[in-house]
Amino acid sequence: MPFSGTIQTIREQCMNIKKQLNELISTALSNSGIEVELVRVNDASKVEFGDYQFNGIMPLAKPLRRNPREIAIQVVENMPQSEMIDKLEIAGPGFINIWLSPDWIAKQLQSVSSSDRLSVGKKEVATKVVVDYSSHNMAKQMHVGHLRSTIIGDTLSKLFIFLGDDVIRQNHIGDWGTQFGMLIAYLEELGVGVGDSLSDLEQFYKDAKVRFDSDENFANIAREYVVKLQSGNTHCLGLWQQFIDMSLGHCEEVYDTLGISLSRDDVRAESSYNSELSNIVTELKESDILVESDGAQCIFVEGNETPIIIQKSDGGFLYATTDLAAIRYRAKDLDAKRISYVVDARQSGHFKQIFDVARRAGFVDEDVSLEHVSFGMMLDKSGRPFKTRDGGTVKLIDLLEEAVSRAKSMMSQRDTSSTDIDTAAHIVGIGAVKYAELSVNRESNYIFDWDRMLSFEGNTALYLQYAYARIQSIFRKYGAQIDGSIILEDDLEKRLGLSLLRFDDVLVGAANESMPHYISSYLYNLTTLFMKFYEQNPILKDGVSEETRDSRLMLAKLVADTIKQGLDILGIKVLDRL
RNA sequence: GCACUCGUAGCUCAGCUGGAUAGAGCACUCGCCUUCUAAGCGAGCGGUCUCAGGUUCGAAUCCUGACGGGUGUACCA
């Protein structure tokens, strides 16, 4: 299997602090006469073990037939002088624990504070990345199941852009296929002034389905419409267009409420590939990988019992055909070098096959990374696939409205004097929903729970927003320009400082692996440190020297800026007051 | 049947691609507002990482098997 479909991580090349430490250790090893291909320091597992640790000595011991502690001693002795390291210690069987110098950290922070992007590295050469997300079916209303793709995809897009990539968003909406015949037939039947019946798409779909199932005559008309539609009948296309416009309008309402940066320009619908489908089949035939089976045009992919069907026995095309047209368009026409599909885990088999075929057919060159950014399903409290009592799903717009309303009632119980409670409640409520999605490992299934989704305690967006608001409050009270030298005076300040410096590493890691929750975990961790700092290290209170005050103000500023920037990538806003 | 995936505290989840005594939040029990926002902070309680083998200096992490959830398996998307 030459292609796994996942990008090779380039973490080692990009990491900031770790990269430097890796180089130091690599040199020390080399000075000791030991050549190692890959040196990797890790974050220390405990505070007592320093800031970083290198565990790579032990595995070297056996082949070298030496005592690991002896090697460790030698490596430490051969470590080049560096101002970043305060102390090295050998522990246990041969761990090397590394303490960074507070002065070095302070110096780095000083330069971070004068950077407009918090010293996060930006790629010199942008990679062209296609992110396919949201991409839902126009026949139905957006429900809570559509949250993940939409939110994760939007975050990844922002993250890639921030790190210097050239991102092309693709909203691959489902607007083509047999069900649209039914919907158009029903639309036609209802006649003019039909806009109102489309206000509830879910209901419209259900009603149409009832007509379809109960009236043979209607069902036949619906089938005719499918044929007419696909053969380009203008009347049908007109109705269809009207329907899609309405449905997309609903979508955009949700995007707008949610603060999703998808516009009509990002829509590249399934139907837009329609004219390409027969060419795809022709090309596949020419490349000789197509097989006829039971009258259908198929491709068998190793490791799969069943083939993917490219063309039905009646000549019709299927979604695999469309996906192949889309992947070729992205690789060849858009010239993307990384193509990410933010789609749920159920499609993983499908994407494996599509990626394999696309490679073999030459639709996608070898240097293009194809990734299925898969995510788990939504389950109910008993661990079953999520459904409401009547078998339906929770509409996304209802969830969002509930979120905002809960936020509002919670906020109004507190100080009501704050400025615009509706705006604030919107930011807090929507932030909670997004954060709930972005703070868990996307790969695992998760339990849908109103209280979890709309929680404002612990590791939530509000915790971060609250810390941000507290900092702004300090600045308001201080009322002057924040400027001074950073001096890390105690262990807590040092840890806070180091945490700030890790932002770069975290973003790069999150981007390489398409894991937004790395960012939220980091921000939560940073904020936890800040909250301790806030309790223990007064800034504007009596008895604090001017030097200390200025340094702490600088630290607070960096924390606030990092929270703001991090949340911005997650698509969550901050408030100066809460 | 076959394939993929998951199983970590009462609940919801982390655990950085093998490291040292497995971490958070919620819940529960205590303590902290005349002092920068208590939506906060501190302390406590809570674990045979589903089970059984294997690989090795070392396993929640890798391999095999069992059990249990979820998902996918030919003309829907």
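From a predicted model like this one, the values you see are computed outputs, not experimental measurements. The chains referred to below are lettered A, B, ... by the order of the sequence lines, with proteins before strands, and numbering in each begins at 1.
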**Q.** Dot-bracket notation for RNA chain B, counting Watson-Crick and G-U pairs under 3.5 Å, with | for partners on another strand
**A.** (((((((..((((.....[...)))).(((((.......))))).....(((((..]....))))))))))))....

**Q.** Nucleotide nearest Arg346(A) (side chain, heavy atoms from C-beta), chosen from A74(B), G15(B), U71(B)
**A.**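 Nearest to the side-chain atoms of Arg346(A), counting from C-beta on, is U71(B).
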
Q: Can you figure out which of G1(B), G70(B), A24(B) approaches the side chain of Tyr524(A) most closely?
A: A24(B)

Remember a base hit wins even if backbone is also touched, and classify [X] as base, sugar-phosphate or nothing at under 4.0 Å, heavy atoms.
X         : answer
Ser455(A) : nothing
Glu443(A) : nothing
Leu318(A) : sugar-phosphate

For [X], what residues pass the side chain to side chain donor-acceptor pair (under 3.5 Å) criterion, not counting sequence neighbours?
X         : value
Asn304(A) : none
Asn55(A)  : Gln53(A)
Lys209(A) : Asp213(A)
Tyr319(A) : His350(A)

Q. So, do Tyr463(A) and Tyr524(A) have ring centers that fall under 6.0 Å from each other?
A. yes

(Q) Strictly below 4.0 Å, N to O, side chains only: are Lys87(A) and Asp51(A) in salt-bridge contact? (A) no

Q: Using a strict cut-off of less than 4.0 Å between a Lys/Arg side-chain nitrogen and an Asp/Glu carboxylate oxygen, indicate whether Glu437(A) and Arg442(A) qualify as a salt bridge.
A: no

Q) Where along residues 542-559 of chain A does a heavy atom come under 4.0 Å from RNA chain B, residue by residue in number order? A) none

Q. Counting only non-hydrogen atoms, which of residues 47-59 of chain A are less than 4.0 Å from RNA chain B?
A.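 Phe49(A), Gln53(A), Asn55(A), Met58(A), Pro59(A), in order of number.
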
Q. Would you say a side-chain N or O of Lys46(A) is under 4.0 Å from OP1 or OP2 of G23(B)?
A.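 For G23(B), OP1 or OP2 has a side-chain N or O of Lys46(A) closer than 4.0 Å.
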
Q. Below 4.0 angstrom from OP1 or OP2 of C57(B), is there any side-chain N or O of Lys62(A)?
A.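 True: Lys62(A) side-chain N/O within range (under 4.0 Å) of C57(B) OP1/OP2.
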
Provide a list of protein-nucleic acid N or O atom pairs under 3.5 angstrom, restricted to nucleotides 7-14 of chain B.
unit_1	atom_1	unit_2	atom_2	d
C13(B)	OP1	Ile447(A)	N	3.0
A14(B)	OP1	Asn441(A)	N	2.6
A14(B)	OP1	Ser444(A)	OG	3.1

Q.
For a quick check, with a 4.0 angstrom heavy-atom cut-off, what is the B/S/- contact string for nucleotides 29-41 of chain B, read 5' to 3'?
A. ------BBBSBBS

Q) For every nucleotide of nucleotides 44-50 of chain B, 5' to 3': is a protein heavy atom under 4.0 Å from its base (B), only from its sugar-phosphate (S), or from neither (-)? A) -------

Q) Under the ring pair (Phe, Tyr, Trp, His ring centres under 6.0 Å) criterion, do Phe355(A) and Tyr341(A) qualify, and how do the steps go? A) CA-CA 11 Å; Phe355(A) 292 170; Tyr341(A) 290 82; 5.6 Å; yes

Q: Measure from CG on Asp344(A) to P on A77(B) and round the result to the nearest Å.
A: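 In whole Å, A77(B) P and Asp344(A) CG are 17 Å from each other.
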
Side chains of residues 471-479 of chain A: which donor-acceptor pairs under 3.5 Å do they make with residues two or more places apart or in other chains?
unit_1	atom_1	unit_2	atom_2	d
Gln472(A)	NE2	Tyr468(A)	OH	3.4
Arg476(A)	NH1	Asp576(A)	O	3.1

(Q) Quiz question: going by heavy-atom distance under 3.5 Å, is there a donor-acceptor pair between the base of A20(B) and the side chain of Asn97(A)? (A)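 Yes, the side chain and the base share a sub-3.5 Å donor-acceptor pair.
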
Q) Of Tyr319(A) and Ala44(A), whose closest RNA chain B nucleotide lies nearer the 5' terminus? A)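 Nearer the 5' end of the strand: Ala44(A).
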
Q.
Under a plain distance cut-off of 3.5 Å, with no hydrogens placed, do Thr548(A) and Glu489(A) share a side-chain donor-acceptor pair?
A. yes

Q: Would you kindly say whether Ser439(A) and Ser520(A) are connected by a side-chain donor-acceptor distance under 3.5 Å?
A: no

Q) G7(B) and A60(B): how far apart are their C1' atoms, nearest whole angstrom? A)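 Roughly 11 Å separates the two C1' atoms.
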
(Q) If the condition is salt bridge (Lys or Arg N to Asp or Glu O under 4.0 Å), which residues does Arg452(A) pass it with, not counting sequence neighbours? (A) none

